Every structure is written in C-alpha cells, then in structure tokens.
Amino acid sequence: MIALLDANNFFVSCERVFRPDLMNKPVAVLSNNDGCLISRSNEVKALGVPMGAPYFKYKEILKDHNVAIFSSHFTLYGDMSGRMMDLIDSLVPRIEVYSIDEAFIDLSGVRDIEALCNHIRNLIWRSLGIPTSIGIAKTKTLAKVANHYAKRVPAFKSICYLKEDPRVDQALKLLSVGEVWGIGRQITKKLEGQGILTAYDLKRVDPRCMRQNFNVVGERIVRELNGVSCLELEDIEALKKSTQVTRSFSKTITELDELRSTIATYATRLGQKLREQGLVTKNVMVCIRTSKFRASDPQYANSHTMVLPSFVGQEGQLDLFSRHVEEPFQSEKLWEALDLVNKRYGRGTVFSAACGKGLTWKDQKKHLSQPYTTSWHHLPLVFAK
DNA sequence: TCTGGGGTCCTAGGACCC
DNA sequence: TCTGGGGTCCTAGGACCC
C-alpha cells in the first residue's frame with residue numbers, strides 16, 4: 001500500500017503556526033510580488049475566491065471579510081517542509097518527497113496501517129502545528145484519490161483508506177474525470193467528448209486505447225486506477241534535471257541595457273542556486289517575453305540556449321563567466337567567497353559588473369511575516385505569567 | 001496600476017552517423 | 001518505376017503537476 005500525505009492549505013498553515021490568533025479565521029498567501037493568491041484557508045475558499053486569482057481583483061472582497069493577507073515567504077515554508085519530511089522519514093520505511101507539502105509513503109510491511117498514519121498525523125500536528133491529510137491505496141494515483149476524500153469528507157477524520165474494490169469503485173464513481181491526477185484540462189475536454197465523465201468511466205477504458213488516443217502517460221493512469229502500480233516511488237536523492245530563476249518584472253523594461261543587467265542579476269542568482277545544490281550544467285537558456293496580459297500591445301517571445309564549453313570536474317562548479325576553465329580551483333574558491341559575503345551581508349553586496357546597478361525596482365512584499373524559523377533574531381518570544 | 005514560480009515527462013521531427 | 005535500416009542527439013512544443 002502507498003500513502004499520500006498532504007499538508008492542508010500548507011502556506012496558510014505555516015503562517016498560522018506563528019499567528020495562532022488566526023486559527024479558524026480567513027487567511028490567504030500571495031505569490032511573488034503580491035500578484036496572485038496561491039494558498040487559501042478553507043474560510044477563503046468558501047468565499048468563492050479561486051486558486052491563482054489576481055490579488056488586485058479580489059482586494060475589496062478580501063478586505064470586507066477581514067482576510068489576513070501574507071506575502072509569500074518561501075524560506076519559511078521550505079524550512080517547515082523540511083521539518084515535516086524529516087518527521088515522516090523517521091517513522092516509515094521509505095518516502096518520496098513529491099512537492100513542498102506532499103510525500104508518498106511506502107507502507108509495504110506495515111502491519112497496522114491506520115495506526116501508523118494516525119501517529120504520523122498527530123506527530124506532525126504536535127511538533128509543527130501543521131494539519132495534514134492522508135490517503136491510502138494500492139497505487140499512487142489511487143492514493144491521490146483517497147487523499148482527495150480524506151480532505152473533504154469530515155467523517156474520515158483526515159485519513160481515507162481505499163482498501164477493497166467496492167469501496168474504490170464507489171470513490172471513483174463520485175469523482176469527475178478531470179480530478180484524477182494527471183488528467184488536466186485538455187485531456188478532460190477530449191475524454192468528456194467521448195462520454196468518459198467520471199474516474200470510474202476512465203478506469204473502464206481499455207489501457208491500450210488510451211495509449212493510442214493519448215500517450216503512454218494516459219495508459220499508466222488507467223492501469224493505476226485498476227490497482228496496477230505503474231508509478232514507483234522515486235529516489236528522493238535523485239539529482240535535479242533542471243533549475244531556473246524566472247520573474248515577471250513589476251516594471252516595464254524598454255531599454256536593452258536595463259534588460260541585460262536585469263538578466264545578469266537573475267543569472268547570478270541561478271549561479272548561487274546551482275552551487276547551493278551542488279549541480280553542474282552543460283546548457284544555459286535565457287528566455288524573455290512580453291506581458292501576455294497586455295493583449296493590445298505587440299507580443300514578443302524568444303529564447304536562446306548556450307552550450308557551455310566543458311565541465312570542470314565533478315567536485316567543481318562550471319565557471320559561467322571566466323574563460324579560464326583551466327583554473328577551476330581558483331574560481332571555485334572565488335565563488336565560494338562571494339557566496340559567503342553575500343550570505344552574510346545581504347544579496348548583491350558583491351556582484352559582477354554585468355549586473356550594472358542590479359534591479360531598478362523592488363519586488364512588492366507588503367505583507368511579509370517574520371523569518372521565525374530561520375533567523376535567531378526573530379525567534380518568537382513567549383511570556384509566562 | 002496591479003495577473004507567480006519551479007518543476008517533470010512525452011512526442012515529433014530534423015540532423016547526422018555508419 | 002524503383003532510392004535501406006538502424007541508431008543517437010537535439011530542439012520545440014505540449015501537457016501536466018504543485
């Protein structure tokens with residue numbers, strides 16, 4: 001059996017840990033630059049504010065309902081996520097960290113599955129103050145279905161175990177096909193056109209037909225719905241295959257020089273990310289595009305990929321800027337020092353000339369919470385009477 | 001005025017090689 | 001009239017996920 005553990009409204013829950021006064025009150029977390037809503041408490045969902053909604057369009061409604069707003073604070077969420085994953089990992093044979101707030105858990109060999117899952121939930125709640133839901137079934141795709149019900153049906157008390165077939169089928173019949181993991185908007189449209197409306201209908205499709213009409217991904221989904229595992233738990237140590245830094249600029253850029261220095265500034269962050277994660281790369285791609293929301297303006301999008309000359313050995317980092325690749329050791333030390341300086345004295349303390357003056361604007365983050373778990377200066381104070 | 005950011009996998013087609 | 005077969009690698013684009 002496989003379990004999928006998922007934190008409820010994760011970013012909102014992280015903020016609430018340090019603001020217990022907001023428990024059971026409406027809370028929302030915004031995306032970068034305070035652009036969209038990316039996490040909503042149940043109270044906000046009940047107001048009908050959709051996921052990904054642009055903040056400025058819903059500002060009034062949110063204000064009218066006294067919704068507490070937070071700017072995104074990814075160092076906090078990342079840290080809380082790491083703690084949560086460590087807790088799970090300490091209790092089970094094997095996990096796959098699937099996203100910042102989700103993990104698949106291998107339950108093979110576990111005797112009392114429900115007891116273990118209860119224990120995991122309680123431990124995370126007691127240690128971190130994060131509420132979670134767990135779905136359990138034979139395959140990843142079915143565990144996702146189970147999790148869907150664990151979150152929505154109060155009678156399950158946040159744990160839904162889809163053990164035997166009549167129960168699985170019942171769950172699938174009540175689930176629309178578009179809610180199946182891996183079935184997105186485009187495929188939903190096509191399937192519905194063929195009269196396949198529920199997850200149960202999809203389960204009954206011939207997997208080979210699915211492969212012909214769609215692709216091997218669709219075939220796997222059908223098999224997984226039938227209890228045949230096609231998606232193994234993946235090695236969480238596996239190396240990342242790509243990494244990126246992308247931004248929507250909060251200011252329109254019209255001058256080439258400014259675009260150059262902006263891209264150089266973000267390229268610098270990408271370099272830091274690579275070094276932090278111990279990654280090396282052969283290709284670097286830069287993309288730019290105009291704002292798709294200004295439909296009346298002429299649109300432009302382009303990208304360029306550069307193949308870098310060589311690796312400098314497994315231990316070292318690829319030197320992005322120097323042509324003297326024959327001196328990897330020196331540049332490695334140099335970057336190490338630069339990273340340290342920038343870490344201690346703030347991003348952009350030392351930078352390459354290509355960055356010019358760096359960014360000529362600041363990202364909007366009007367509602368940022370304190371770095372409670374990642375800075376000694378911001379440890380919450382507790383007073384006892 | 002204001003609309004996120006970071007990933008994965010699959011497929012088709014072209015270039016090139018023997 | 002008729003023009004092989006089997007590979008690899010790369011790119012672009014599409015679809016999906018959180």
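In what follows, chains carry the letters A, B, and so on, assigned in the order in which the sequence lines appear, proteins first and then strands, with residues in each chain numbered from 1. As the structure is a computational prediction, the values presented were derived from the model and not from experiment.
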hydrophobic_cluster_shared for A:Val97 and A:Leu128, side chain cutoff 4.5 Å: yes
Distance below 4.0 Å between A:Lys144 side-chain N/O and C:dC18 OP1 or OP2: yes
With a 4.0 Å cutoff (strictly under), does any side-chain N or O of A:Arg220 reach OP1 or OP2 of B:dC10? yes
Could you give the OH-to-P distance, from A:Tyr98 to B:dT8, as a whole number of Å? 11 Å
Below the 4.0 Å mark, does B:dG7 have OP1 or OP2 next to a side-chain nitrogen or oxygen of A:Lys273? yes
If the cut-off is 4.0 Å, is A:Asn33 near the phosphate of B:dG4, judged by side-chain N/O to OP1 or OP2? no
Are A:Ser72 and B:dG4 close enough that a side-chain N or O sits under 4.0 Å from OP1 or OP2? no
Given Watson-Crick and G-U pairs under 3.5 Å, DNA chain C in dot-bracket ([ ] crossing, | other strand) is ....||||||||||||||
Which nucleotide in the list B:dG4, B:dC10, C:dC18 gets nearest to the side chain of A:Ser248? B:dG4
Apply side-chain contact (heavy atoms from CB on, under 4.5 Å) to residues A:Met84 and A:Leu5 and explain how you reach the verdict. CA-CA 10 Å; A:Met84 182 172 89; A:Leu5 178 144; 4.0 Å; yes
OP1 or OP2 of B:dG7 sitting under 4.0 Å from any side-chain N/O of A:Lys240? yes
Of the listed B:dG7, C:dC18, B:dC10, the closest approach to the A:Gln244 side chain comes from B:dG7
On the nucleotide B:dG4, are OP1 or OP2 found under 4.0 Å from the side-chain N or O atoms that A:Lys292 carries? no
From CD1 of A:Ile221 over to C1' of C:dC17, roughly how many Å is that when rounded to an integer? 11 Å
Does OP1 or OP2 of B:dG5 have a side-chain N or O of A:Ser31 closer than 4.0 Å? no
Measuring from atom CG of A:Leu359 to atom OH of A:Tyr266, what distance do you get when rounded to the nearest 0.5 angstrom? 4.5 Å
Phosphate OP1/OP2 of B:dG7: any A:Thr243 side-chain N/O under 4.0 Å: yes
Under 4.0 Å between a side-chain N/O of A:Ser242 and OP1 or OP2 of B:dG7, yes or no? no
Does a nitrogen or oxygen in the side chain of A:Arg247 sit under 4.0 Å from OP1 or OP2 of B:dG6? yes
For atom CG of A:Asn302 and atom C1' of C:dG13, their distance in whole Å: 15 Å
Between A:Asp86 and A:Arg83, does at least one N-O distance fall below 4.0 Å, as a salt bridge requires? no
